[in-house]
Amino acid sequence: MERYFGENIPKLGFGLMRLPKEESGKIDLEQTKKMVDLFMEAGQTYFDTAYTYDNGDSELTAKAALVERYPRESFTLATKINANKEGCDEQSVKQQFYTSLERTGAGYFDYYLLHAIQSGSYKTYEQHRLWDFVKEQKAKGLIRHWGFSFHAGPDLLHELLTAHPDAEFVQLQINYADWENPNVLSRANYEVARKHGKSVVIMEPVKGGMLAAPPETVREIFQKADPKASMASWAVRYAASLDGILTVLSGMSSVEQMQDNLSYMKDFRPLSQDEQITVKKAQEALNAVESIPCTACHYCTAGCPKRIPIPEIFAARNKQLIWERIEKGKADYEQAVKNAGTASDCIACGQCERVCPQQIPVIERLKECAEAFGK
């Protein structure tokens, strides 16, 4: 437990971005309620959603599964305002805040973030005067603490924290796979945030689930070190072992994932020196494996004019690249594009690359996928 803003915040946060789904694609509310109950019973309190998650259904689910079932003072809720949505003017972006209050029924937000700031979007937050807007809401008591989530490089992060020193925390993508990744720059961004005295909320500690099922060479390293530990536990504990961490968000999608995370985070134990060495070996093994570093956040698909299911296509290709499951990859690809655009339908408009948190050269990767899958 770390003392922060006068509160005791356990290090595990429940990310409401990848909630369990019914066959219809609708969020499974009953399973989500069970997950919330397990989380609260374990003494965890931090819940994270956003205006854009599941087209608003995530915030509505937060109301039904959490806000309406627990005393308001017993949990902390974070959500986000997003200026990256196409066609949004200043008024419509600011309206997101009031819509989020209505959807969640929370009354106020414990943590409020400017969402997914990138090199191609940060000026929009300035133009719409959103930095001042969130401070105004804090002055009204509708926000307790505010910060921003960030997907760019350390130079821009330093610039933003210098220009806005009253930002109280920063949300960064940090995991052992991306610690030295030149496209994500986890370590460099973390170090900038700490130099500015900011606490850090960690997102994507398991890299969209990729580190819960790593390549066999990586799995063997971890299993040799501790046969009983899950692959996800290594990733989450690695992130939580850093200094100055407010919480580590895990986008859990099932009761089983919740139970696993709580098994090692309820009474958190930082990685030992030997365990850090094990992770270093895993990093080296992972770097030797070719793959597409997509976390399936789906930011890229919202504005795709050809309705190409980019994350699903990349997942199918990774089945081939990482696991050498050629036929399974082909089958997954055919299923993904059955009622949507194919990889070869890409018109190289570039909207996907502008919003990709992983800085993936999506256009080139889609070309590779089109060649691999034949369309």
Are Tyr46 and Leu77 close enough, and set up right, to give a side chain to side chain contact (heavy atoms under 4.5 Å, CB included), and what steps lead you there?
CA-CA 6 Å; Tyr46 194 107; Leu77 182 63; over 6 Å; no
Verdict with reasoning, His298 to Glu312, per side-chain hydrogen bond (donor to acceptor under 3.5 Å, both in side chains):
CA-CA 9 Å; His298 283 89; Glu312 288 73 19; 2.8 Å; yes
Start with the C-alpha distance between Glu59 and Ser100, add both sets of side-chain angles, then the distance that settles side-chain hydrogen bond (donor to acceptor under 3.5 Å, both in side chains), and finish with yes or no.
CA-CA 7 Å; Glu59 289 186 329; Ser100 292; 2.7 Å; yes
Would you check, one step at a time, whether the test salt bridge (Lys or Arg N to Asp or Glu O under 4.0 Å) holds for Lys328 with Asp332?
CA-CA 6 Å; Lys328 175 60 175 172; Asp332 287 356; 3.2 Å; yes
Evaluate Asn82 against Gln96 for side-chain hydrogen bond (donor to acceptor under 3.5 Å, both in side chains), listing each step before the verdict.
CA-CA 8 Å; Asn82 194 310; Gln96 292 180 20; 5.8 Å; no
Should Asn318 and Ser291 be marked as a side-chain hydrogen bond (donor to acceptor under 3.5 Å, both in side chains) after you check the CA-CA gap, both sets of side-chain angles, and the distance that decides it?
CA-CA 6 Å; Asn318 277 336; Ser291 65; 4.6 Å; no
Step-by-step side chain to side chain contact (heavy atoms under 4.5 Å, CB included) determination, Arg237 to Arg269:
CA-CA 8 Å; Arg237 287 182 58 225; Arg269 176 176 57 84; 3.2 Å; yes
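Using cut-offs of 30° and 60° for the angle between ring planes, the Tyr112 and Phe109 rings count as parallel. A parallel orientation is assigned to the rings of Trp234 and Phe222, their planes being inclined by less than 30° (bins at 30° and 60°). The aromatic rings of Phe14 and Phe47 are tilted relative to each other, their planes meeting at an angle between 30° and 60°.
A side chain to side chain contact (heavy atoms under 4.5 Å, CB included) with Gln358 holds for exactly one of Ile292, Asn181, Asp178; it is Asp178. The side-chain hydrogen bond (donor to acceptor under 3.5 Å, both in side chains) with Lys21 is formed by just one residue from the set Thr32, Asp54, Asp28; it is Asp54.
Across all their heavy atoms, Ile81 and Val93 have their closest contact at CD1-O, 3.3 Å. Nearest heavy-atom pair across Leu161 and Ala167 is CD2-CB, 4.5 Å. For the pair Lys140 and Tyr98, the tightest heavy-atom approach, listed with the atom from each and the gap, is NZ-OH, 4.3 Å. Scanning both residues, Lys207 and Leu211, for their nearest heavy atoms gives CB-CG, 4.0 Å. In plain terms, the two heavy atoms of Ser149 and Ala116 that are nearest each other are OG-N, 2.6 Å. Counting all heavy atoms, side chain and backbone alike, His151 lies closest to Pro357 at ND1-CB, 3.1 Å.
Ion pair Glu275/Lys281 not flagged as a salt bridge, since none of the NZ, NE, NH1 or NH2 atoms sits closer than 4.0 Å to an Asp/Glu carboxylate oxygen. Glu191 has no carboxylate O lying under 4.0 Å from a charged side-chain N of Arg194, or vice versa, which leaves the two without a salt bridge. A salt bridge links Lys138 to Glu168: at least one charged side-chain nitrogen sits closer than 4.0 Å to a carboxylate oxygen.
Cation-pi check for Arg103 over Tyr51 is met; the charged atom lies under 6.0 angstrom from the ring centroid and within 45 degrees of its normal. Geometrically, Arg144 engages Tyr108 in a cation-pi contact, judged by NZ or CZ lying under 6.0 Å from the ring centre and within 45° of the ring axis.
Here Trp179 contributes atom CH2 and Asn189 contributes atom CG; the two are 10.0 Å apart, rounded to the nearest 0.5 Å. Taken from OG1 in Thr104 to CG in Leu16, the straight-line distance is 11.0 Å, to the nearest 0.5 Å. Residue Ile117 holds its CD1 atom at 8.0 Å from CZ of Phe150, rounded to the nearest 0.5 Å. The distance from atom CD1 of Ile308 to atom CG of Asp345, rounded to the nearest 0.5 Å, is 5.5 Å.
Inter-residue side-chain proximity for Lys80 and Asp48 is flagged as met; some heavy-atom pair is nearer than 4.5 Å. A 4.5 Å side-chain heavy-atom check between Ile245 and Ile202 finds at least one atom pair inside the cut-off.
Taking the ring centroids of Phe75 and Phe39, they lie at or beyond the 6.0 Å cut-off.
No side-chain donor from either of His115 and Gln171 sits under 3.5 Å from a side-chain acceptor of the other. In summary, the side chains of Thr79 and Thr49 do not present any donor paired with an acceptor at a separation below 3.5 Å, with no hydrogens or angles considered.
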Contacts under 3.5 angstrom, residues 366-375 side chains, donor-acceptor by atom type, not counting sequence neighbours:
residue: Lys367; atom: NZ; partner: Glu364; partner atom: OE2; Å: 3.4
residue: Glu368; atom: OE1; partner: Arg365; partner atom: NH1; Å: 3.0
residue: Lys375; atom: NZ; partner: Glu334; partner atom: OE1; Å: 3.1

